[in-house]
Chemist: 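My questions all concern the structure below.
Just so it is clear: chains get the letters A, B, ... in the order the sequence lines come, proteins before strands, and each one is counted from 1. Quick caveat, the model's predicted, so the values are computed rather than measured.
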Protein chains: 2
Amino acid sequence: MANIQQVAKQAGVSVATVSRVLNGQSTVTAKTRIKVEDAIKKLNYEPSLLGRNLRNSESRILLILIPKIANPFYLDIINGIETAALSQNYNILLCETDSNPERENIYFDLVRKKMADGIISMDPAVNIDTLTELAERHAIIQCSEYSEDSGIPYVTIDNEEAAYRAVKHLIKIGHENIALINTDEKYLYARQRKAGYRKALEEQNIPVNEDNIYYTQHLGFEYGQHAMKKILGSKNRPTAVFAVSDLLAIGALKEINSYGLSVPEDIAVVGFDKIDFSNMTNPTLTTIAQPMHRMGTIAAEMLIDKIKGADVESIILDHELVIRESTSG
Amino acid sequence: MANIQQVAKQAGVSVATVSRVLNGQSTVTAKTRIKVEDAIKKLNYEPSLLGRNLRNSESRILLILIPKIANPFYLDIINGIETAALSQNYNILLCETDSNPERENIYFDLVRKKMADGIISMDPAVNIDTLTELAERHAIIQCSEYSEDSGIPYVTIDNEEAAYRAVKHLIKIGHENIALINTDEKYLYARQRKAGYRKALEEQNIPVNEDNIYYTQHLGFEYGQHAMKKILGSKNRPTAVFAVSDLLAIGALKEINSYGLSVPEDIAVVGFDKIDFSNMTNPTLTTIAQPMHRMGTIAAEMLIDKIKGADVESIILDHELVIRESTSG
DNA sequence: GTGAAAGCGCTAACAG
DNA sequence: CTGTTAGCGCTTTCAC
């Protein structure tokens, strides 16, 4: 494997000149350039990023922190990040924390040790104190889930407003007894979406019944199934369900079917996220669409700006209610 | 940000000694060690991997090449790879090629330029010539999908045998008119699974009807739906379907439901892969389980061995037929 | 327009 | 047991 010295010798120039050609600097004569390019070709030379990165004190690697790769919610965001990153010559390291602090720390270490230039955190369970501390000396952006107090710039949607619209839609088509399947309120989005649910009900003077609010520990499909089982067994069975994630909603859907009831005739269902599978269920799922891809590209651009030393402002993006079969007979 | 020199000065020792402490070498006095550790703490020092990696001529990064992150098939394998990699202090760069040669080349360049130490390729659409050429100078392992000719070590299952068992199961429960939903035969696994399908039929003297074999361009859900639509419209409607991927099978399931027929009463369905969602459908899907996680850890271990210069042998792992509702009324 | 030389931060061979 | 020093491969000033 040739290095820059051997190329220089082969071309009969100095390493500085080879470096100039490599970096496309225009201060090189056409003639010299050709000589160098020939030598590169002849030796099959590839510049080492290890050398370059050390010299430039950068790794050109971006960390993405997510709790679970398996959660389809992140897919489009990741794609957006990747597109933006690649276009600026950055690569992304996808880090699944599994909500495990040890794993998280392995990845934090990567930026502490300069193997990564910055972090996009999408993990609701991230240790926000450590993240905040890290943000003092490193570039960090929060995406989707965030903590206002941390002072770390974020890009997200208005979760309260989105949940409000979802529930308002259910009310508009005639429902009053609406259950909420929420996750643990330690997560900001859970609190925000619940607030939206409350707001929609209260606005129509429908009393908020705490018994109608169900909490799950995780976002998995089975948890939605489980919550729905409880709902179906309750005394005053709701006629509609709003779940704070599609995965939960799809679980609910399945449980309703197994129970012998129909969606939306007996019970209407609304999800949140518009994951791919929300279109594959029977019936298809009414849900809230977030501009995932855009959120990703914006997060990446914010991060890269921050790495370059720029000041970066938080952004709130638009969302959309997608009405499908699960709320329209 | 302190460097090793400043730590050495602070501790009143040489950089070599600091390096020894960092790397846990036992040739350092307890007293000196303490001095160094104190200095490290005091300066909040973190060793730079950029420097270390250049010096060691390694990046400790492993590339994983997959066509689509969104394909749930890869999730567990990736998890397995990650577990094995992390335990040996490697990190993984998840590379989605989108079956796009340009993207692929960006990632290949990463190993050419020493920013990655090796590749685990799971992309059936990979440019095998380039990969083979790359394998001359770099560590590469094929996982799941492979090319025998390339000479690159692989870990996979016996696709023909697995498909054979799946179809045999359908025959055993009474089916004779069995359709196959396959993908493009440019992929080895497609050819192998079809061979298994043939073998099972021929073994029972059931003639193989080419009209019963349907091809899809991609592995997506919609393609399964589409293929099933054709099958339902055929003159001599099959009573069972074997799809070479769960995604296709789930699409077929949905189409059958929309058509007003029942699974498995009217048509039995078998998939392949045992992705998480195969358990969320109604009815749940009979499918072939591959030891994904193990396949991942083995692939990672093979790759790391290869990076270290060892000789590595290909491995074929066991699979399992998981019988669920879609084939048992 | 090109070259010489310093240095990014680290490890390891060698000497003592 | 510890220090001196060379060098991993590259970029970038500073001279000429």
Chemist: Under the salt bridge (Lys or Arg N to Asp or Glu O under 4.0 Å) rule, what do B:Arg103 and A:Glu82 come out as? Steps first, then yes or no, please.
Modeler: CA-CA 11 Å; B:Arg103 269 224 166 171; A:Glu82 188 153 36; 3.7 Å; yes

Chemist: In whole angstrom, what separates B:Ile40's CD1 from C:dG9's C1'?
Modeler: 14 Å

Chemist: Could you state the atom-to-atom distance from CD of A:Gln5 to P of D:dC8 in whole Å?
Modeler: 7 Å

Chemist: Just to confirm, is there a sub-4.0 Å distance from OP1 or OP2 of C:dC8 to any side-chain nitrogen or oxygen of B:Asn3?
Modeler: no

Chemist: Is it the case that over 12 heavy atoms from other parts of the model lie below 6.0 angstrom from the CG atom of B:Asn23?
Modeler: yes

Chemist: Rounded to whole Å, please give me the gap between CG in A:Leu54 and C1' in D:dG7.
Modeler: 12 Å

Chemist: Assign B:Leu50 to base, sugar-phosphate, or nothing according to its heavy-atom contacts below 4.0 angstrom with the strands shown.
Modeler: nothing

Chemist: Starting at atom CD of A:Glu58, determine the distance to atom P of C:dG9, rounded to an integer number of angstrom.
Modeler: 13 Å

Chemist: From CZ of A:Arg55 over to C1' of C:dG9, roughly how many Å is that when rounded to an integer?
Modeler: 12 Å

Chemist: Rounding to an integer number of Å, can you tell me how far B:Leu49 CG sits from C:dT11 C1'?
Modeler: 13 Å

Chemist: Write down the distance between CZ (A:Arg20) and C1' (C:dG1), rounded to a whole number of angstrom.
Modeler: 8 Å

Chemist: With nearest nucleotides of DNA chain D determined for B:Lys114 and B:Val28 from heavy-atom distances, which residue corresponds to the more 5′ nucleotide?
Modeler: B:Val28

Chemist: Using the closest heavy atom to pick a nucleotide of DNA chain C for each, name whichever of B:Tyr45 or A:Val15 lands nearer the 5' end.
Modeler: A:Val15

Chemist: Under 3.5 Å, side chain of B:Asp123 to main-chain N/O of B:Ala125, donor-acceptor pair present?
Modeler: yes

Chemist: Stepwise, does the salt bridge (Lys or Arg N to Asp or Glu O under 4.0 Å) test hold for A:Asp38 with A:Lys35?
Modeler: CA-CA 5 Å; A:Asp38 285 350; A:Lys35 276 197 297 187; over 6 Å; no

Chemist: Look at all strands and tell whether A:Asn53 reaches a base, only sugar-phosphate, or nothing, counting heavy atoms closer than 4.0 Å.
Modeler: nothing

Chemist: Need to verify one output field. Residue with the more 5' nearest nucleotide on DNA chain D, A:Gly51 or B:Val13?
Modeler: B:Val13

Chemist: Do any side-chain nitrogens or oxygens of B:Arg52 fall under 4.0 Å of OP1 or OP2 in C:dT11?
Modeler: yes

Chemist: Please work out if B:Ser48 contacts a base, only the sugar-phosphate, or nothing of the nucleic acid, heavy-atom cut-off 4.0 Å.
Modeler: sugar-phosphate

Chemist: If you only use heavy atoms from C-beta on, which nucleotide in D:dT11, D:dA6, D:dG3 is closest to the side chain of A:Asn23?
Modeler: D:dT11

Chemist: Does B:Asp117 form a salt bridge (Lys or Arg N to Asp or Glu O under 4.0 Å) with B:Arg60? I'd like the steps, not just the answer.
Modeler: CA-CA 6 Å; B:Asp117 294 341; B:Arg60 299 204 84 82; 5.9 Å; no

Chemist: Between A:Thr29 and C:dT2, is there a contact of a side-chain N or O with OP1 or OP2 at under 4.0 Å?
Modeler: yes

Chemist: Is A:Asn56 near enough to C:dC8 that one of its side-chain N or O atoms lies under 4.0 angstrom from OP1 or OP2?
Modeler: no

Chemist: B:Thr27 near the nucleic acid: base, sugar-phosphate alone, or nothing, with a heavy-atom cut-off under 4.0 Å?
Modeler: base

Chemist: May I have the distance from A:Met115 (atom CE) to C:dG9 (atom C1'), rounded to whole angstrom?
Modeler: 14 Å

